[in-house]
Amino acid sequence: MHSHRHRHFALVPAAGSGSRMGRETPKQYLPLLGEPLLRHTLRVLCQSPLIDRVFVVLSVGDPIWNTADWSALGDKLVPLYVGGASRADSVLNGLRAIRPQVADGDWILVHDAARPCLAPWHIDTLITTLDEDEVGGLLAVPVADTLKRSTRHGRVEATVARDSLWQAQTPQMFRYVMLRRALESAREVTDEASAIEAAGLHPRLVQGDTTNLKVTYPLDLHLAEWILSNREG
């Protein structure tokens, strides 16, 4: 199987409510450098020459998407109003919706809506490393900090050895048919790699860097602004 026969599609689940941010607006629409956070995320995917199409999975009655003008991102971008209750549901619904446009062996890059600092070189490294891989894999970063497991009372119970521990990021890149089958049978997972692992396979870890951070708490928005401002400058 030669990689040039297989296309690469990005799938961005963006149907969440962003409860941990403590805001009314869903996280993916919060302002970041004067535009919705999601626009930064989608722009880098749409601009990548390696990616054929970018599907964004929105909640069924998403009231915000159409209030913004997305045309500047070009015709690669396709909204799908098929979001589910969980991330895994949204991804699976998205995979079902794109079935007519995608071949079994095509690569799907699932990327968090809330990782707006993805850089072109992250995408390039991931695709270049995995394009001939039998399983696929994910961007990840080796754990740098000392890890502590806590008691129920907030005290240290143990120090966890961090060698061989990685923090998973996205994109996570797997072949369409393999990812769909894995998600059909593992519905409770928090990332795609976990579904592939549950199927008995071993995704490859591709080293990224900590600038590809996930916006989870309010402070993260400021960090993301700093990264984007300083990277471009």
Side-chain angles (χ1 to χ4, degrees), residues 8-16 18-21 27-28 37-38 40-42 44-45 48 51 56-57 84 86-92 94-95 107-131 133-149 160-176 178-217 219-220 223-224 227:
H8 303 86
F9 297 99
L11 186 71
V12 180
S19 48
R20 279 179 290 190
M21 292 292 289
K27 178 168 64 177
Q28 60 272 23
L37 183 151
L38 182 56
H40 296 273
T41 308
L42 295 175
V44 69
L45 292 165
S48 170
I51 293 177
V56 56
V57 179
S86 70
R87 175 208 176 84
D89 289 333
S90 292
V91 173
L92 185 52
L95 291 173
W107 289 107
I108 307 294
L109 285 80
V110 182
H111 183 62
D112 295 328
R115 289 187 192 271
C117 302
L118 182 68
W121 59 87
H122 294 142
I123 301 172
D124 296 349
T125 301
L126 189 70
I127 289 179
T128 309
T129 307
L130 296 179
D131 233 6
D133 199 271
E134 288 177 12
V135 177
L138 63 152
L139 280 181
V141 177
V143 170
D145 297 315
T146 300
L147 295 178
K148 305 290 184 188
R149 183 179 290 115
V160 182
R162 67 174 179 222
D163 6 317
S164 338
L165 286 184
W166 294 63
Q167 282 178 285
Q169 296 183 345
T170 69
Q172 303 197 353
M173 174 172 151
F174 300 102
R175 294 194 187 274
Y176 176 87
M178 192 185 287
L179 180 58
R180 180 162 171 184
R181 278 182 195 148
L183 283 170
E184 298 271 13
S185 43
R187 303 301 294 277
E188 301 305 308
V189 294
T190 53
D191 73 348
E192 292 65 49
S194 303
I196 299 289
E197 292 157 42
L201 298 163
H202 298 279
R204 180 155 176 189
L205 292 156
V206 178
Q207 187 163 346
D209 65 72
T210 50
T211 63
N212 183 24
L213 90 168
K214 187 174 185 184
V215 174
T216 306
Y217 302 105
L219 173 67
D220 300 332
L223 291 171
I227 289 166

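Here the structure is a predicted model, which is why all the values come from computation and not from measurement. When reading the values below, keep in mind they use all heavy atoms of this one structure, side chains included, and skip hydrogens, waters and symmetry mates. If you read the sequence from its start, that first residue is 1, and numbering goes on from there.
- L45 has its side chain within reach of I123: a pair of non-hydrogen atoms, C-beta onward, lies under 4.5 Å apart.
- A donor-acceptor pair under 3.5 Å links the side-chain atoms of Y176 to the main chain of L95, judged by distance alone.
- A heavy-atom distance below 4.5 Å is found between the side chains of L92 and R180.
- Under a 3.5 Å cut-off, the side chain of Q169 and the backbone N or O of L139 do not form any donor-acceptor pair.
- Looking only at side-chain heavy atoms (C-beta outward), D131 and M173 come within less than 4.5 Å of each other.
- Annotation: side chain to side chain contact (heavy atoms under 4.5 Å, CB included) contacts of T210 (sequence neighbours excluded): V141.
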Task: Trace of the side-chain contact (heavy atoms from CB on, under 4.5 Å) decision for V57 with V91 - done: CA-CA 7 Å; V57 179; V91 173; over 6 Å; no

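- Here the shortest heavy-atom pairing between L130 and W107 reads O-CZ2, 3.3 Å.
- C117 and L213 make their closest contact through SG-CD2, 3.8 Å (heavy atoms, listed as atom of the first residue, atom of the second, distance).
- When the side chain to side chain contact (heavy atoms under 4.5 Å, CB included) test is applied to V143, the partners found at least two apart in sequence or on another chain are L147, R162, L165, Q167.
- Interatomic distance, CD of Q172 versus CD1 of I108, reported as 13.5 Å (0.5 Å rounding).
- Nearest heavy atoms, A168 versus R115: O-NH2, 3.6 Å.
- Side-chain contact between D209 and W121: present, with at least one pair of heavy atoms (C-beta onward) separated by less than 4.5 Å.
- Applying the salt bridge (charged side-chain N to carboxylate O under 4.0 Å, His left out) test to R87 and every residue at least two apart in sequence or in another chain returns D112, E192.
- Distance alone, capped at 3.5 Å, places no donor-acceptor pair between the Q28 side chain and the P13 backbone.
- When atom types are taken as modelled, the side chain of S48 and the backbone of V44 share no donor-acceptor pair closer than 3.5 angstrom.
- The shortest distance between side-chain heavy atoms of H122 and T211 falls below 4.5 Å.
- Summarising the local packing, CD of E134 is surrounded by 12 or fewer heavy atoms from other residues, nucleotides or ligands at distances under 6.0 Å.
- Side chains of H111 and N212 form a contact here, defined as non-hydrogen atoms less than 4.5 Å apart.
- To the nearest 0.5 Å, atom CD1 of residue I51 and atom CD1 of residue I127 are 5.0 Å apart.
- Between Q207 and P142, the closest side-chain pair of non-hydrogen atoms falls below 4.5 Å.
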Task: Derivation and outcome, side-chain contact (heavy atoms from CB on, under 4.5 Å), residues V56 and T41 - done: CA-CA 10 Å; V56 56; T41 308; over 6 Å; no

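- For the pair P203 and L138, the tightest heavy-atom approach, listed with the atom from each and the gap, is CB-CD2, 3.9 Å.
- Here the shortest heavy-atom pairing between G136 and F174 reads C-CE2, 3.7 Å.
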- [ ] For side-chain contact (heavy atoms from CB on, under 4.5 Å), just list the numbers for D191 and T170, CA-CA rounded to whole Å, side-chain angles, deciding distance to a tenth of an Å, and then say yes or no.
- [x] CA-CA 9 Å; D191 73 348; T170 69; 6.0 Å; no

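- Here the CG-CZ distance, from L126 to R204, works out to 10.5 Å after rounding to the nearest 0.5 Å.
- Here the closest non-hydrogen pair linking L37 and A113 is CD2-O, 3.3 Å.
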